Participant: 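What follows is a structure written as structure tokens; I'll ask about it next.
Numbers restart at 1 for each chain; the letters A, B, ... are given by sequence-line order, proteins then strands. Only heavy atoms go into these numbers, but all of them, side chains included; no hydrogens, no water, no symmetry mates. Just so it is clear, the model here is predicted, and its values are computed rather than measured.
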There are 2 protein chains.
Amino acid sequence: MHKEHNLTKNQQIIFDIIDRSPEPLKAYSILFNVQKKGIKAPLQVYRALDKLVEIGKIHKIESRNAFIACQNSSCQVSKATAFSICESCEKVTEINNSSLSKYLSNFKDKAGMKYSKYNLEFFGLCKKCITK
Amino acid sequence: MHKEHNLTKNQQIIFDIIDRSPEPLKAYSILFNVQKKGIKAPLQVYRALDKLVEIGKIHKIESRNAFIACQNSSCQVSKATAFSICESCEKVTEINNSSLSKYLSNFKDKAGMKYSKYNLEFFGLCKKCITK
DNA sequence: TACATAATGTTATATTATAACAATTTTAAT
DNA sequence: ATTAAAATTGTTATAATATAACATTATGTA
């Protein structure tokens, strides 16, 4: 489970929107959605997003500049993330596969770098879109 | 080896700059560098970048919005990419590890998605920066 | 209380990327 | 060589993503 962070008002508003969304949300789409709640400026959104990413409640899908709630009850922070992305319908799913995460967390390359974090994005077609 | 693509003038100019750079370059930094060669507009840069990515001559480092020349003589196109990124000095290296690429290319998750592509970015400290 | 830290609000601006359209060059088939 | 299609280029404008800087307010904690 996530360590409990007491989210602030803005953080909670923005987390709720992302958490309820079936698809990753972009910062300005979030901004548009929260203007009725008094959050008026991009920076207010970005600050909340930064914090939510930092504490592992959401992840950024780098290839899409969009944010998704963490689906993975066993991850405390966002140090090891993997996603599958359908290039047709843009559905994004967080992959929770212990074989994969073990393999990647233990990966060492010849350059001798010490890795503390990784992000993996798979692209392809989801079941629904394959049959179309 | 790469399939030979005869690069156009703009593509060649922009590829050369990226290829000679020891670090990933951002689009507007490239633009600044090629203005003396007659490339004046962002779109000219982005179009060349898009094409170079498409044919596998360069890769985009998604977490940095920057571009690096392909270091991997065995990759035809950019369907299976992995990078190590030093969070201190920002050095980026393309990982060429057949065990890793086999593992990821064969990866199937329970959702049954058919993957045609992946991108993996490792973050940490490079040898030099660890000892600092 | 009072200090430090974190979060907020606000304006302005920086950075990254694409739309739309016209013109030119290249390719490949006749 | 001719020509039609496809790719590339040039250009202006604008959209989309993200941060700087600074003043203020709220929260945690000694």
Side-chain angles (χ1 to χ4, degrees), chain A residues 3-18 21 23-68 77-78 87 90 92 119 121, chain B residues 3-18 21 23-68 77-78 87 90 92 119 121:
Chain A
K3 175 169 180 299
E4 277 313 314
H5 281 267
N6 296 310
L7 300 185
T8 63
K9 182 168 67 80
N10 287 2
Q11 288 162 12
Q12 190 68 57
I13 290 169
I14 284 164
F15 175 72
D16 286 345
I17 286 190
I18 296 170
S21 169
E23 63 198 358
L25 293 179
K26 294 178 160 247
Y28 276 73
S29 142
I30 293 167
L31 175 60
F32 179 80
N33 277 284
V34 296
Q35 281 181 326
K36 61 193 88 169
K37 301 206 166 149
I39 295 176
K40 291 171 195 154
L43 205 43
Q44 295 175 290
V45 173
Y46 279 104
R47 284 198 283 226
L49 290 173
D50 285 351
K51 190 68 185 183
L52 291 167
V53 166
E54 185 192 325
I55 65 181
K57 298 279 285 180
I58 65 173
H59 304 301
K60 182 172 186 181
I61 309 302
E62 293 287 354
S63 64
R64 299 297 186 260
N65 298 319
F67 299 85
I68 189 176
V77 284
S78 313
E87 291 185 298
E90 290 294 324
V92 175
N119 179 55
E121 297 180 5
Chain B
K3 176 168 179 300
E4 277 313 316
H5 282 267
N6 297 311
L7 300 183
T8 64
K9 181 167 68 77
N10 288 1
Q11 288 162 10
Q12 189 69 56
I13 289 169
I14 284 163
F15 175 71
D16 286 345
I17 286 191
I18 296 170
S21 169
E23 63 198 356
L25 294 179
K26 294 179 158 247
Y28 276 73
S29 142
I30 293 167
L31 176 59
F32 179 79
N33 276 284
V34 297
Q35 281 180 327
K36 61 192 89 168
K37 299 205 168 152
I39 295 176
K40 291 172 196 154
L43 244 199
Q44 295 176 290
V45 173
Y46 279 103
R47 284 198 282 226
L49 290 173
D50 285 351
K51 191 68 186 183
L52 291 167
V53 166
E54 184 191 324
I55 65 181
K57 298 280 285 181
I58 66 173
H59 303 301
K60 182 172 187 182
I61 309 302
E62 293 287 354
S63 64
R64 299 297 185 261
N65 297 319
F67 299 85
I68 189 177
V77 284
S78 313
E87 290 185 299
E90 290 292 325
V92 174
N119 180 55
E121 297 180 7

Participant: Between atom CG in A:L49 and atom P in D:dA16, what is the gap in whole Å?
Facilitator: 18 Å

Participant: Among the candidates C:dC21, D:dT12, C:dT16, find the nucleotide nearest to the side-chain atoms of B:R47.
Facilitator: C:dC21

Participant: Send over the distance from B:K37 NZ to D:dG10 C1', rounded to a whole Å.
Facilitator: 19 Å

Participant: Does the base of C:dA17 carry an N or O that pairs as donor and acceptor with the side chain of B:Y28 under 3.5 Å?
Facilitator: yes

Participant: Under 4.0 Å between a side-chain N or O of A:N65 and OP1 or OP2 of D:dA16?
Facilitator: no

Participant: About how many Å separate CG of A:L52 and CD of A:Q12, when rounded to the nearest 0.5 Å?
Facilitator: 8.5 Å

Participant: Look up atom CD in A:Q35 and atom CD in A:Q44, then write down how far apart they are to the nearest 0.5 Å.
Facilitator: 9.5 Å

Participant: Which is more 5' along DNA chain C, the nucleotide nearest A:G38 or the one nearest B:A27? Just name the residue.
Facilitator: A:G38

Participant: For B:E62 and C:dT16, what is the distance between atoms CD and C1' respectively, to the nearest whole Å?
Facilitator: 12 Å

Participant: Starting at the 5' end of DNA chain D and moving along, which residue's nearest nucleotide shows up first, B:A41 or A:K26?
Facilitator: B:A41

Participant: Looking at every non-hydrogen atom in both residues, tell me the closest pair between B:I18 and B:F67 and how far apart they are.
Facilitator: CG2-O, 3.7 Å

Participant: Kindly compute the distance separating CD1 (B:I58) from CD (B:Q11), expressed to the nearest 0.5 Å.
Facilitator: 10.0 Å

Participant: Which whole-number value in Å describes the distance from A:D50 CG to C:dT8 C1'?
Facilitator: 14 Å

Participant: Below the 4.0 Å mark, does C:dA7 have OP1 or OP2 next to a side-chain nitrogen or oxygen of A:K9?
Facilitator: no

Participant: Choosing from D:dT17, C:dA20, C:dT16, which nucleotide comes nearest the side chain of B:Y46?
Facilitator: C:dT16

Participant: Take atom NZ of B:K51 and atom P of D:dT8, then tell me their distance rounded to the nearest Å.
Facilitator: 4 Å

Participant: If you check every side-chain atom of A:T8, which of C:dA17, C:dT8, C:dA20 has the closest atom?
Facilitator: C:dT8

Participant: Quick one: CG on B:L31 to CD1 on B:I17, what's the gap to the nearest 0.5 Å?
Facilitator: 10.0 Å

Participant: Quickly work out the A:I14 CD1 to C:dT8 C1' distance and round it to whole Å.
Facilitator: 12 Å

Participant: Rounded to the nearest Å, what distance is computed from the CG atom of residue A:L7 to the C1' atom of nucleotide C:dA6?
Facilitator: 14 Å

Participant: Taking NZ from A:K40 and P from C:dT11, how many angstroms apart are they, rounded to a whole number?
Facilitator: 8 Å

Participant: Ignoring the backbone of A:Q44, work out which of C:dA17, C:dG9, D:dT19 is nearest its side chain.
Facilitator: C:dG9

Participant: If you only use heavy atoms from C-beta on, which nucleotide in C:dT10, D:dT12, C:dA17 is closest to the side chain of A:L43?
Facilitator: C:dT10

Participant: Using only side-chain N and O atoms of B:N10, determine if any of them is under 4.0 Å from OP1 or OP2 of D:dG10.
Facilitator: yes

